[in-house]
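Everything below concerns the one structure shown next.
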Amino acid sequence: MNQRNVTGSIAQAVRDVTEVIGVCEVVGNATTDNTTLTTVVFEPAFCGLYGAVPSLAPLLVLVMVCFLLLSLFGNGCLVGVILTTDHMKEPGNYFLATMAITDAALAMAYNPIAIFCLSHGRYPAGPWCRLQAFFIIFLSTLSIHSLLCVWICRYIHIAFPLRYKKVLTRRRMAFGMCLCFLSAVIPAVVGVSPIHTLPVGSAAEVLGGFEKPQTLMTPCLAGPEGLTLATVLNLLAMVAIVCLISLIYYETRRSQKKHDQKLTWNAQAEDRESKIQAVNTLLIVVLVNWITWLPAFVVSVSMKVGSISLANAAPWCDITTILLQSATFSDSIVYAFRYQIYRRAFKKMYENIRNVFTKSGY
């Protein structure tokens, strides 16, 4: 069979049928060398919110631009406050800064390409698609595992307040960073070596080389092996976070009753409220992340088990993708309300600018 002729025939059938707005899945027949191939293919440009209502493109582009700016601004303020405020320079907050940088990078890996796709009505292909697939897995996994490390540091802070700095040495912090990096890079490498596309029925062998996202708003897909590995690692991290939350609140109650721990807590009475506030803030961050991740997980599982087709799931994929993108700046919003990081960041910027002009004699 001439694979090039078959691919060309199917592609032409897709172009012919998808002249009708909203058509997402296309059943086509391609005949060559007395062989007929019946296949189901999909066209991302005609799937999802854009495919159903192309006039929504300017609004969707505006949402993506706003999300990108919020992510860069919010996470930038959070990192700036951590690095310039003395009492924020404790080991656990360096993982928090890593998570903020990762969230900003995740927005940079997704939003510009999504904006381009919505503006031009076509999806990325080739190296751009491969790079996006890699960084989506790598950065999202790194963000979750950085959050796990923040909780580990918070538990040590609560359970061993007097040995906190001795336990969390620079060497152990660096080791933790390396573990987070490896946990994130392995599924990403597996997912793009080689990159896979969304399964398209019997056409997989013909169109398997096509690198397509599900819709213009969803990122390019990595291979199922990488996605599965990343999902398992992220779920394990979230389970570990839930266990640490339980341990922290148990340790807090126990330490208030135990005599020797009472002395320790009394000696650090001025820090106790800030410790509890930090734990509650992290709990809010985890709850917000669960709210943003759960819809996408439900839609993905529904598509996996076959209870919903791609055509029907495509608009929901776009909506859940938008919710997922809100996670790139929701953490900074939580910290803005809890710690007023935006006000502190602006105040610090104003002081630095004033000092520059004062030293220059203006």
Side-chain angles (χ1 to χ4, degrees), residues 24-25 40-44 46-52 60 64 67 103 106-107 109-111 113-114 117 123-124 129-130 132-145 147 183-184 186-192 195-201 204 207-208 210-239 241-242 286-328 330:
C24 186
E25 293 178 322
V40 178
V41 297
F42 76 100
E43 180 61 28
F46 295 92
C47 290
L49 296 177
Y50 177 90
L60 297 175
M64 290 296 101
F67 279 19
D103 286 343
L106 187 58
Y110 167 78
N111 292 61
I113 294 180
C117 293
Y123 52 87
C129 199
R130 187 182 295 268
Q132 188 186 55
F134 173 86
F135 281 110
I136 290 295
I137 292 182
F138 170 70
L139 294 172
S140 58
T141 306
L142 181 60
S143 177
I144 295 175
H145 283 74
L147 181 60
S183 299
I186 290 174
V189 170
V190 171
V192 299
I195 194 169
H196 297 262
T197 61
L198 187 73
V200 289
L207 299 177
F210 286 11
E211 298 173 356
K212 296 182 180 180
Q214 295 174 0
T215 71
L216 292 187
M217 291 194 66
T218 54
C220 293
L221 296 176
E225 301 88 355
L227 289 173
T228 301
L229 181 57
T231 301
V232 170
L233 290 175
N234 290 340
L235 286 176
L236 289 175
M238 293 305 295
V239 171
I241 288 173
V242 172
V286 172
L287 291 176
V288 170
N289 285 335
W290 273 108
I291 292 172
T292 56
W293 297 334
L294 187 59
F297 182 76
V298 171
V299 172
S300 298
V301 171
S302 299
M303 292 176 62
K304 258 317 188 193
V305 300
S307 61
I308 184 172
S309 66
L310 172 63
N312 294 326
W316 294 107
C317 289
D318 284 348
I319 293 172
T320 56
T321 299
I322 293 174
L323 288 175
L324 280 172
Q325 281 304 300
S326 67
T328 62
S330 60

Self-check item: Closest contact, heavy atoms only, L324 versus A296
Solution: CD1-CB, 3.6 Å
Quiz item: Any idea which heavy atoms bring I136 and P219 closest together, and the distance?
Solution: CG1-CB, 3.8 Å
Quiz item: How long is the span from the CD1 atom in I186 to the OG1 atom in T141, to the nearest 0.5 Å?
Solution: 11.0 Å
Quiz item: Is there side-chain contact between C317 and M303, with at least one heavy-atom pair below 4.5 Å?
Solution: yes
Self-check item: Minimal non-hydrogen separation, I144 against A237, with atom names
Solution: CG2-CB, 3.7 Å
Quiz item: So which heavy atom on T328 is nearest to which on D103, and how close?
Solution: O-CB, 3.4 Å
Practice problem: Indicate the atoms forming the closest heavy-atom contact of S330 with V288, along with that distance. | Solution: OG-CG1, 3.5 Å
Self-check item: Y110 side, atom OH; T218 side, atom OG1 - distance, nearest 0.5 Å
Solution: 7.0 Å
Quiz item: Do W293 and L323 come within less than 4.5 Å of each other through their side chains, counting heavy atoms only?
Solution: no
Quiz item: L60 and Y50: which non-hydrogen atoms are nearest, and at how many Å?
Solution: CD1-N, 4.5 Å
Self-check item: Spacing of CG belonging to N289 relative to CG belonging to L294, to within rounding of 0.5 Å
Solution: 12.0 Å
Practice problem: Any chance you could measure F138, atom CZ, to S143, atom OG, to the nearest 0.5 Å? | Solution: 11.0 Å
Quiz item: Quick one: side chain to side chain donor-acceptor pair (under 3.5 Å) partners of S140, sequence neighbours excluded?
Solution: none
Practice problem: Return yes if some donor-acceptor pair links the side-chain N/O of S302 with the main-chain N/O of V298 below 3.5 Å, else return no. | Solution: yes
Exercise. Find the distance between CG (L49) and CE (M217) and round it off to the nearest 0.5 Å.
Key: 6.5 Å
Exercise. Would you mind listing every side chain to side chain donor-acceptor pair (under 3.5 Å) that reaches into residues 314-327, with sequence neighbours excluded?
Key: T215-D318
Exercise. Please check if the side chain of Q132 supplies one atom and the backbone of C220 the other of a donor-acceptor pair under 3.5 Å.
Key: yes
Using a 3.5 Å cut-off and no angle test, enumerate the donor-acceptor pairs between side-chain atoms of residues 229-236 and protein atoms at least two apart in sequence or in another chain.
residue: T231; atom: OG1; partner: L227; partner atom: O; Å: 2.7
residue: N234; atom: ND2; partner: A230; partner atom: O; Å: 3.2

